[in-house]
Amino acid sequence: MSQTNSTVGIPRIERCFAALKAQNRPALVSYLTAGDPNPEASQRLLDGLPDTGVDIIELGMPFSDPMADGPAIQKAALRALEAGQTQVKTLSMVKRFREKNRDTPIVLMGYYNPIYRYGVERFLADAAEAGVDGLIVVDIPPEHDDELCTPAARHGIDFIRLATPTTDAKRLPRVLESASGFIYYVSVAGVTGVGAATPETIKRAVDTLKRHTTLPVAVGFGIRTPEQAATIGRFSDAVVVGSALVDCIERARTADEAVESVHGLARELAQSVRRCREEQAVS
Amino acid sequence: MNQFVTPSPLLPDAQGLFGSFGGRFVAETLMPLILSLQEEYDSAKQDPDFQRELAYFQSDYVGRPSPLYFAERLTEHFGGAKIYLKREELNHTGAHKINNCIGQVLLAKRMGKKRIIAETGAGMHGVATATVAARFGLDCVVYMGSTDIERQQPNVFRMKLLGAEVIPVTSGTGTLKDAMNEALRDWVTNIDDTFYIIGTVAGPHPYPAMVRDFQAVIGHETRRQMQEKEGRLPGSLIACIGGGSNAMGLFHPFLSDESVQMIGVEAGGKGVATGQHAASLNGGTPGVLHGNRTYLLQDEDGQIIDAHSISAGLDYPGIGPEHAWLHEQGRVEYVSATDDEALEAFQICCREEGIIPALETAHALAEVAKRAPTLPRDHLMVVNLSGRGDKDMMSVAHYLGDKFQ
């Protein structure tokens with residue numbers, strides 16, 4: 001990937017996908033909750049992700065009432081909040097990460113209330129300054145674009161829209177209208193980390209999306225293993241792995257073990273994603 | 001204070017907003033469901049058959065109209081305002097909750113849904129939901145916080161008898177807000193066959209307006225009954241508020257009557273100043289939770305703080321968005337009553353009127369105790385007796401230090 005920094009003016013997410021397209025491989029997107037299992041280990045986890053081969057980092061902003069998340073990410077949010085994580089700390093994590101890394105896009109993911117409480121304008125200004133590239137805010141549909149999506153654009157922050165199995169042909173244009181960065185296809189109707197759709201079903205949905213948008217399409221929800229990541233990566237522009245990484249933290253007995261285990265799985269996923277289209281070409 | 005404002009029958013707007021409150025802050029997966037629910041509700045409202053069916057079940061199954069009862073002994077006891085009780089506790093299942101459940105289950109049937117889910121705090125909404133699900137032969141799953149299951153055992157048993165599956169929610173603090181999170185997670189997972197019956201005037205649009213409309217039967221009857229008994233409008237209306245459905249049902253038909261004062265009573269817990277309460281308007285700030293913008297109990301970082309109340313039904317860190325709007329407009333006065341004040345009023349109602357109110361309702365009665373003595377004898381005061389207290393026997397015995405055999 002290019003070594004020049006964001007001052008070239010092309011948004012980091014766009015640059016990342018352009019570079020990967022040239023390499024004919026999908027992006028690996030990782031999700032971790034900021035502050036999980038504690039602020040210090042979480043910073044180490046974040047800082048080490050690019051070296052494992054992760055292309056885009058989703059960093060969860062913990063919320064007390066994560067109603068779109070399954071048990072794994074619910075518990076991650078609780079661990080982070082109990083360890084004292086706040087919105088301010090999450091933004092400074094990004095800032096510290098950016099001191100060493102100018103290329104890997106960071107997308108903050110979470111729920112609206114902590115942003116609303118922080119103050120939308122202040123949050124966007126601070127996020128842009130810290131080096132945040134995009135936002136995924138689960139509970140703001142396009143009907144409420146003026147709340148955060150439109151203001152984010154003014155700060156040069158992409159607003160990544162979710163498309164789901166319930167997003168039908170009638171609704172899709174509405175979802176795509178104000179989207180930027182990439183489209184996140186939620187492959188199962190449900191919460192994070194529970195259940196998975198068949199690759200055939202997902203491929204059909206991705207193909208439909210790609211007929212309607214030029215934005216890259218990422219697929220998430222229910223992807224846990226390097227094999228699954230490879231399967232999905234053959235036809236999507238990015239694969240998102242969240243709960244499986246977060247589970248590594250829950251299972252670890254110490255913070256060091258958590259860091260090692262998360263980075264280990266990320267490395268395996270990255271290798272698998274890098275090879276997935278070669279294998280296809282050979283077979 | 002109570003200044004006149006344009007009544008809100010025109011609200012919410014197309015985005016489901018009451019001023020800046022309300023809206024549809026939900027995950028994309030739920031948006032198509034919420035939009036189709038809204039469409040269906042809009043068409044049902046205009047459909048005479050739906051209205052006829054609703055009226056039939058309200059009268060023959062729920063037992064409406066509920067009496068507007070002159071509480072002579074309470075009036076004497078407080079020595080001021082003439083107190084009327086709107087006897088919602090006499091409805092089938094013992095609270096106002098069934099008014100809404102009957103309406104929503106008829107919509108569910110209309111939409112061809114086979115499975116009903118609900119959240120419940122005190123269990124009254126859970127019981128009402130289990131009841132209508134049984135009546136219409138639908139599967140029913142009720143999410144209930146594990147803390148609430150412990151303090152509302154009789155209602156848990158009632159739901160099970162009615163054929164519902166009661167799922168204990170241990171996430172968070174195991175109370176109403178966590179039950180609502182879990183119900184939303186269920187809904188987003190079972191989109192095809194499931195109808196979510198929300199129990200209060202909160203949640204994403206159209207729920208706040210829809211639940212309000214189904215509960216407004218309380219206020220419409222009160223208006224008519226008061227005309228018959230006294231030939232004039234009431235001077236004040238008092239109701240307790242958790243999410244605020246019984247209060248909204250009583251208040252809404254009177255919003256444009258300038259002379260009618262309205263007082264909503266939040267759960268003050270151990271006192272609003274202690275931080276241990278459920279008074280979102282008196283002790284909270286605006287935020288976004290469970291699909292709507294409203295006043296919430298939250299910390300500086302936007303994390304939701306647990307509510308505290310002796311009453312499981314009021315133990316919720318938010319409030320319906322229309323109440324938030326009416327609060328900011330100054331049309332309704334929102335006060336609070338502490339656990340102790342509610343317990344005191346609870347006992348007065350038992351002894352003076354032979355009516356055991358729900359602990360939720362006792363909060364409204366606590367405000368009556370403060371206000372009625374200061375008002376003239378020709379002031380007509382209506383209290384929404386929103387539920388009966390049988391379910392609270394164990395808690396009350398515990399708080400009063402009695403052994404309950």
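Chain A is the first sequence line, chain B the second, and so forth, proteins listed ahead of strands; every chain is numbered from 1.
For chain A, the nearby part of Asp299(B) is the backbone; its heavy atoms alone come within less than 4.5 Å. At a 4.5 Å heavy-atom cutoff, Pro71(A) makes no contact with chain B through either its backbone or its side chain. Using a 4.5 Å cut-off between heavy atoms, Ile305(B) makes no contact with chain A at all. Both the backbone and the side chain of Pro286(B) come within contact range of chain A, with heavy atoms under 4.5 Å apart. Only the side chain of Val175(A) has a heavy atom closer than 4.5 Å to any heavy atom of chain B. With a 4.5 angstrom heavy-atom cutoff, Thr29(B) touches chain A via backbone and side-chain atoms both. At a 4.5 Å heavy-atom cutoff, the contact between Ile304(B) and chain A is made by backbone and side-chain atoms alike. Only the side chain of Leu81(A) comes within contact range of chain B, with heavy atoms under 4.5 Å apart. For Tyr112(A), the part lying near chain B is the side chain, with the backbone staying farther off; criterion is any non-hydrogen pair under 4.5 Å.
If you take OG1 on Thr166(A) and CG on Leu30(B), they are separated by 7.5 Å, rounding to the nearest 0.5 Å. Between the CD atom in Gln303(B) and the CG atom in Asn113(A) there is a gap of 8.0 Å [rounded to 0.5 Å]. With values rounded to the nearest 0.5 angstrom, Ser64(A) atom OG is found 7.5 Å from Leu289(B) atom CG.
For the residue pair Ser171(B) and Gln74(A), the shortest heavy atom distance occurs at CB-OE1, 3.8 Å. Shortest non-hydrogen contact noted between Phe25(B) and Glu147(A) is CZ-OE2, 3.7 Å. The shortest non-hydrogen separation linking Met67(A) to His290(B) is CE-N, 3.6 Å. Shortest non-hydrogen contact noted between Asp65(A) and Lys177(B) is OD2-NZ, 3.0 Å. Residues Met31(B) and Pro141(A) come closest through the heavy atom pair CG-CB, 3.5 Å. Between Arg117(A) and Asp301(B), the closest heavy-atom pair is CG-C, 4.2 Å.
Options Gln87(A), His144(A), Glu143(A), Lys170(A) differ in how many heavy-atom pairs under 4.5 Å they form with chain B, and the most are formed by His144(A). Taking Ile140(A), Asp69(A), Val188(A) one by one and counting their heavy-atom pairs under 4.5 Å with chain B, the maximum is reached by Asp69(A).
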For Arg171(A) and Leu35(B): C-alpha separation, side-chain torsions, deciding distance, then whether side chain to side chain contact (heavy atoms under 4.5 Å, CB included) applies. CA-CA 10 Å; Arg171(A) 184 159 174 81; Leu35(B) 293 173; 3.5 Å; yes
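Using a 4.5 Å heavy-atom cutoff, the side chains of Val186(A) and Glu28(B) are not in contact. Residues Gln298(B) and Pro114(A) form no side-chain contact, since every pair of their non-hydrogen atoms from C-beta on lies 4.5 Å or further apart. Contact check for Val188(B) versus Thr164(A): no side-chain heavy atoms found under the 4.5 Å cut-off.
With a 6.0 Å radius and a threshold of 12 heavy atoms from other residues, nucleotides or ligands, Glu121(A) has its CD atom above the threshold. Atom NZ of Lys203(A) sits in a sparse spot, with 12 or fewer heavy atoms from other residues, nucleotides or ligands closer than 6.0 Å. Other residues, nucleotides and ligands place more than 12 heavy atoms under 6.0 Å from the NZ atom of Lys45(B). No more than 12 heavy-atom neighbours from other residues, nucleotides or ligands sit within 6.0 angstrom of CZ on Arg96(A). Atom CD of Glu40(A) sits in a crowded spot, with more than 12 heavy atoms from other residues, nucleotides or ligands closer than 6.0 Å.
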